[in-house]
Amino acid sequence: MPPVFAHGRLRLYLLKLLDEAPRHGYEVIRLLEERFQGLYAPSAGTVYPRLSKLEAEGLVTHATEGGRKVYSITEAGRAELADRSGELADLELEIRDSVTELAAEIRSDVRGAAGDLRREMRAAASASAAQVGEDDSWQAAKEELRKARQEWKEQARRAKDESRRAREEAQAARRQAREAQDRAREEVQRIAGQLQEQFAKSGGVLGSLAGAWLGGAQSPGAGADRPSDQPSDQPSDRASGWAADLSATGDPARDLDRLLDRFRDEVRDAARDHGVTAARVAEARDHLAAAAARLSATFGSRP
């Protein structure tokens, strides 16, 4: 049987189960068995060491209730779960595919066992008929064969039903993944709209930060005379390393969302620390016009 969880995927799915509700180890094992429709159940030796490792990493914690450890997810665990939301959606699809594969293996095993049983019963019936004819042993053999056929049909029906449910759940998971991507795009558009409103209301420091974020773009006449209370380090000097601490998540829409959040936070901090003047507002307007043009060209030139 192929492995049900790829390397590191069981760890991610344990975080998902604990994000749904606090659970003790036996409950986690039972839920995994239910998710696989009884076709797979991990052992305690598989689940408990991983829960202990998650706790050592600060992603889960536990409390003792009735002599049992009840595990709960921490904020750090929720943060990792959020960063790996795309991987979690893929994992849900893999689980449903695994259920389908397991059901197919069961059907194959049932067919093979039924075929072997029929051959054995025919051989036994032939030997019995050659010795004593159509006696009670032959009748018993026929009855056993009838029962075996009935059992095989029932198992085949259950396997077919399980395969059908697995396909339906996989289709539902794909729809949910598409809807999540659509919601992410809508959220990025909403945040972009909020940033435009903030740009219109914020001070001239916005222009400097926008230039740093977009690679130091300057508008005509801007930057020749800067107010004396500007910080000594120029934003363009650090543009190439801006937000370098934000590692890629594998989801471009989420990466853009995080960059916009960082940009908005730095603008607010700069405006709060250095103040807002009419001259800065005028300078910010020029910088933001150039920034908007560059971003529009960037996103408009690609599918």
Side-chain angles (χ1 to χ4, degrees), residues 12 15 19 57-59 73-89 180-219 222-223 226-227 229-277 280-303:
L12 177 60
L15 285 177
D19 186 47
E57 295 173 0
L59 302 180
I73 192 169
T74 65
E75 290 302 321
R78 289 192 177 92
E80 176 166 336
L81 204 59
D83 288 340
R84 300 175 66 184
S85 59
E87 186 178 353
L88 182 60
Q181 291 174 353
D182 292 340
R183 288 194 297 270
R185 283 194 293 269
E186 292 173 358
E187 183 67 10
V188 170
Q189 292 173 357
R190 183 186 65 80
I191 292 174
Q194 290 180 348
L195 283 175
Q196 289 177 356
E197 294 178 2
Q198 294 293 332
F199 291 165
K201 297 177 181 178
S202 301
V205 184
L206 280 169
S208 300
L209 289 175
W213 188 52
L214 295 174
Q218 298 291 328
S219 60
R226 307 189 62 82
D229 58 348
Q230 285 294 320
S232 59
D233 57 328
Q234 298 300 320
S236 59
D237 295 338
R238 60 187 181 90
S240 60
W242 184 80
D245 58 314
L246 296 179
S247 58
T249 65
D251 183 350
R254 178 172 176 79
D255 292 340
L256 177 60
D257 189 6
R258 296 171 70 194
L259 288 174
L260 292 175
D261 285 342
R262 172 64 61 84
F263 178 76
R264 178 187 59 196
D265 292 342
E266 290 194 10
V267 167
R268 287 178 174 172
D269 291 344
R272 182 190 65 234
D273 294 342
H274 303 292
V276 179
T277 66
R280 288 176 176 174
V281 171
E283 183 181 355
R285 185 176 294 109
D286 292 338
H287 283 301
L288 291 174
R294 290 189 63 178
L295 284 174
S296 297
T298 297
F299 288 106
S301 63
R302 293 174 173 81

Worksheet entry | Side-chain heavy-atom pair Leu81, Leu88 within 4.5 angstrom cut-off | yes
Worksheet item: Is a salt bridge present between Arg183 and Glu186, judged by a nitrogen-to-oxygen distance below 4.0 Å?
Response: no
Discussion item. So which atom in Pro252 and which in Gly250 form the shortest heavy-atom distance, rounded to 0.1 Å?
Written reply: CD-O, 3.6 Å
Item to complete: Calculate, to the nearest 0.5 Å, the distance between atoms CD and CD belonging to Glu75 and Glu80 respectively.
Response: 13.5 Å
Discussion item. Regarding Arg258 and Asp261, does a basic nitrogen lie under 4.0 Å from an acidic carboxylate oxygen?
Written reply: no
Fill in: Reported CG-to-CG distance for the pair Asp19 and Leu59, which is rounded to 0.5 angstrom
12.0 Å
Item to complete: Check whether any side-chain heavy atom of Arg272 lies under 4.5 Å from a side-chain heavy atom of Arg268, and answer yes or no.
Response: no
Fill in: Set of residues satisfying side chain to side chain donor-acceptor pair (under 3.5 Å) with respect to Thr249, sequence neighbours excluded
Asp255
Worksheet item: Would you call Asp245 and Arg262 a salt bridge, taking side-chain N to carboxylate O under 4.0 Å as the test?
Response: yes
Worksheet, complete the sentence: Rounded to the nearest 0.5 angstrom, the CD-CZ distance for Glu283 and Arg280 is 9.0 Å
Discussion item. Minimum heavy-atom separation for Gly58 and Thr74, please, with both atom names.
Written reply: O-OG1, 2.7 Å
Fill in: Check against side chain to side chain contact (heavy atoms under 4.5 Å, CB included), Leu15 and Arg84
CA-CA 11 Å; Leu15 285 177; Arg84 300 175 66 184; 5.6 Å; no
Worksheet item: Atom CZ of Arg190 and atom CG of Asp257: how far apart are they, to the nearest 0.5 Å?
Response: 8.5 Å
